[in-house]
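Just below is one structure, and these are the notes that go with it.
Throughout, a chain's letter reflects where its sequence line sits, starting with A, and its residues are numbered from 1. Just the heavy atoms: all of them, side chains too, but no hydrogens, waters or symmetry mates, feed the values below.
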Amino acid sequence: MDEAGKAFSICRRDIMADEAKLEKIRHSMAHVMAEAVLEIFPDAQIAIGPAIDNGFYYDFDLPRSLNEQDLEDITARMKAIIRSNKEFKRSVISRDEAKEMFKDQKYKLELIDAIDEGSEISIYNQGGFTDLCRGPHVESTKELNADAFKLLSVAGAYWRGKETNPMLQRIYGTAWLNPKDLRLYLDHLADIEKRDHRKLGKELDLFSLHEEAGPGLVYWHPRGARIRQAIENFWREEHYKNGYEMIYTPHVGKSWLWETSGHLGFYKESMYPKMEMDNMDYYVKPMNCPFHIMIYQNSKKSYRDLPCRWAELGTVYRYEKAGALHGLMRVRGFTQDDAHIFCTPDQMDAEIMEVLRFSLYMLHSFGFDDIHAYISTKPEKSVGEQEKWDAATEALKRAVEKEGISYDVDEGGGAFYGPKIDLKIKDAIGREWQLSTVQFDFNLPERFKLTFVDKDGSEKRPYMIHRALLGSIERFFGVLIEHYAGAFPPWLSPDQVAVIPVAESANDYACGIEKRLRLDGFRAKSDLSSDRMNAKIRKAQQMKIPYMLIIGEKEMENGTVSVRYRNGKQDNGLTYEEFASALKAKIDSKEQL
RNA sequence: GCCCUUGUAGCUCAGUCGGUAGAGCACCACCAUGGUAAGGUGGGGGUCGCCGGUUCAAAUCCGGCCGAGGGCUCCA
């Protein structure tokens, strides 16, 4: 974790104790903001203003759009209100009194009507402003710090979140106990911006998207492809080690396949439209499952053949809504690190345990240690017998408990075809991302009438488990870029070593070193441009290359290399062998530099 | 879909009151041969997102369209 991330999470920990107080502060800030806005726009209609994570907002119906200058004016007025030491006074009033008091505020009247007959109606007054409010609030604006809040943005928001309702203007703000905490939070926001994978993807020349060639479709540049290769090679090796087989399946399939699987029934909106050929309809695959099933069905299966663990880096296409697309995180074409496990009911428990253990191992390998599980159980509308659901859900719970990871249960939150576990990791600055998913599927084995012949000669239905460890390679790559802020550990770095000759006279020696590194399996590039050495170092540094070998007169004379690390440290006068073995050890360990 | 912001060179951005475009980086050429984060000089490159309107004149003003970013799910 880097400094900003560390500072912010320490600050977060301290804050936990003050959570209740902060909520009062934030909620009170919202009221102060409403007062300030009403000073500027006396006819404003005010809606709601709750405390939220890290801050607060308030929704207004205003005669015109707010701009930057307005935020400054509102901020200045808020500071004045805070400094005037107003008390927050709570009182309980009757429904009629409330209606009279807010007779010019149509949104408030709606809210009053929504309050249960039995419950009391309370208002809070802070001098110049009275709001219909359940509370709680601070005692007085004395408890608010005029230098510990900041208005962040204005956004459109529908009244009560409904598209058919009028669009209000929502002002978001952040508020803290003291200016130092505010500073930490603002630094954290700046850090998030610096880590943005879309920005780093451009700066580090990793990938691009081309709206004119199709939105949501990813182009992997050579440097991004290097990282993808490193991920995929590791992924394949580990899958073989863990008892999986690799398969490859087609990218399109006839409508028969999608009708049988049911996708044309319940998933059609997310599928690219049909391609007609010889009076038959083909569809690009949005999922790999039906194809894996075709292989399963290719021959009669015995209990002796199970479990089948078949993995594929399968590229699928889904028509995500335009507004939902976001860099690498939400795309229309992506590669799932997919696998399907077909097993007997007896094997199911052990398979689930193993899948979870394997998932955790993979996530740890990529530097993710803070992992939380979410188990989703049977929803109201579902397929499959109750006993199967129970057995599968229990197996999922046993597995997370055995691995000792914390988990939440989302009752009724599963897909209609089976229960699942999702694993969420926390990245270097504490943000959660969902990566792994392990899902039971009681639907497809039924639809495709999958069977295996059991010991007693009878045909039985196998369990089918669908799992992805990294989720999608694109999304995982996006998360990795943000997690490492572009400074990948050596095993993933697109260029591991930059060989930098001090002057042209060292070019040949540098080329020799580069060639030797390449032959030894390292990703090395020498910089033979006419730039000065300083500029070459700067460029390598900007591309976040972990190792720079500086080659000049001294090194040529002694037959050595001088190493400059990405973090600015330096090791001079190493032999090639010393450097290469240290580099290899670092790569094998998958450690960060 | 709706609200706000936004679209100028490959990238990051400037362009005042309307007078048909600029900088830095990158790229190319030449000079410089330099020891730990930018050496110098010169050059090429833009139908200012698209369509229409106002005007003698539009990157700039007006209207429409398209794209991108943030938000619309924290509930008196």
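Other residues, nucleotides and ligands contribute more than 12 heavy atoms inside 6.0 Å of the CG atom of A/N165. By the 6.0 Å contact criterion, CD on A/E203 is enclosed, its count of non-hydrogen atoms from other residues, nucleotides or ligands being greater than 12. Heavy atoms of other residues, nucleotides or ligands lying less than 6.0 angstrom from CD of A/Q592 number more than 12.
Taking a pair as Watson-Crick or G-U wobble with both distances under 3.5 Å, RNA chain B forms stems of 3 or more consecutive pairs at B:1-7 with B:66-72, B:10-13 with B:22-25, B:27-31 with B:39-43, B:49-53 with B:61-65.
Among the protein residues, A/E203 comes within range of no part of the nucleic acid, since none of its heavy atoms lies under 4.0 Å from any strand. Among the atoms of the strands shown, base atoms are found under 4.0 Å from some heavy atom of A/E120.
We find that CG of A/N534 is positioned 15 Å from P of B/rU33, with the value rounded to whole Å.
For B/rA14 and B/rC51, the C1' atoms lie 27 Å apart once the distance is rounded to whole Å. Across B/rA37 and B/rA29, the matching P atoms stand 27 Å from one another, rounded to whole Å. B/rG53 sits 15 Å from B/rU60 when the C1' atoms are compared, rounded to a whole Å. The C1' atoms of B/rG34 and B/rG39 are separated by 8 Å, rounded to the nearest whole Å. Comparing B/rC3 with B/rU20, their C1' atoms sit 35 Å apart, to the nearest whole Å. Distance noted for atom P between B/rA59 and B/rC50: 11 Å (whole Å). Distance noted for atom C1' between B/rU12 and B/rU8: 12 Å (whole Å). Taking atom C1' in both B/rG49 and B/rU6, the straight-line distance is 11 Å, to the nearest Å.
Figure legend: A/R332 and A/Y319 shown as a cation-pi pair, the cationic atom lying under 6.0 angstrom from the six-membered ring centre and within 45 degrees of its axis.
Within the structure, a side-chain polar atom (N or O) of A/R134 is placed less than 4.0 Å from OP1 or OP2 of B/rA76. Taking 4.0 angstrom as the limit, A/R90 places none of its side-chain polar atoms (N or O) nearer than this to OP1 or OP2 of B/rA76. For A/H326, a side-chain nitrogen or oxygen approaches OP1 or OP2 of B/rG70 to under 4.0 Å. Side-chain N/O atoms of A/K536 include none lying less than 4.0 angstrom from OP1 or OP2 on B/rG34. Here A/R564 does not reach the OP1 or OP2 of B/rU36: none of its side-chain N or O atoms lies under 4.0 Å away.
The CG atom of A/L435 lies 9.5 Å from the OG atom of A/S472; values are rounded to the nearest 0.5 Å.
You'll find that the side chain of A/A157 is closest to B/rC72, out of B/rC72, B/rU36, B/rC74. Listed nucleotides B/rG35, B/rG34, B/rC74 differ in distance to A/A503; the shortest reach to its side chain belongs to B/rG34. Distances were taken from every side-chain heavy atom of A/A535 (C-beta onward) to each of B/rA38, B/rG35, B/rA76; the shortest belongs to B/rA38. With B/rG69, B/rC11, B/rG71 as the candidates, the nucleotide lying closest to the side chain of A/A155 is B/rG71. You'll find that the side chain of A/Q542 is closest to B/rA37, out of B/rC75, B/rA37, B/rA76. For A/V502, the listed nucleotide lying nearest its side chain is B/rG35; candidates were B/rG35, B/rC75, B/rG1. Proximity note for A/R538 (side chain, C-beta onward) versus B/rU12, B/rA37, B/rC74: the nearest is B/rA37. Residue A/L132 places its side chain closer to B/rA76 than to any other of B/rC2, B/rA76, B/rU36. Out of B/rG35, B/rA76, B/rC74, the shortest distance to the side chain of A/I121 is found at B/rA76. Between B/rU36, B/rC2, B/rG34, one nucleotide has an atom nearer to the side chain of A/Y158 than all others, and that is B/rC2.
When ring centroids are compared, A/Y374 and A/Y407 stay outside the 6.0 Å threshold. Ring-centre distance between A/F41 and A/F60: not below the 6.0 Å cut-off. Checked against a 6.0 Å centroid threshold, the rings of A/F56 and A/F149 do not count as neighbours. Aromatic ring centroids of A/H221 and A/Y219 lie 6.0 Å or more apart.
By the side-chain hydrogen bond (donor to acceptor under 3.5 Å, both in side chains) test, A/T174 is found to be paired with A/W176, residues two or more places apart in sequence or in another chain being considered.
Remark: side-chain polar atoms of A/Q496 are not paired, donor with acceptor, to backbone N or O of A/Y547 under 3.5 angstrom. Panel note: side chain A/H197, backbone A/L328; a donor-acceptor pair is recorded below 3.5 Å.
Within 3.5 Å, no donor on the side chain of A/Y57 pairs with an acceptor on the base of B/rG71, nor the reverse.
Mapped onto RNA chain B by nearest heavy atom, A/M167 and A/K554 fall at different nucleotides, with A/M167 at the one closer to the 5' end. Projected onto RNA chain B by closest heavy-atom contact, A/Y172 and A/Q169 fall at different nucleotides, the more 5' of which corresponds to A/Q169.
The stretch residues 571-580 of chain A touches RNA chain B through A/N572, each having a heavy atom under 4.0 angstrom from the strand.
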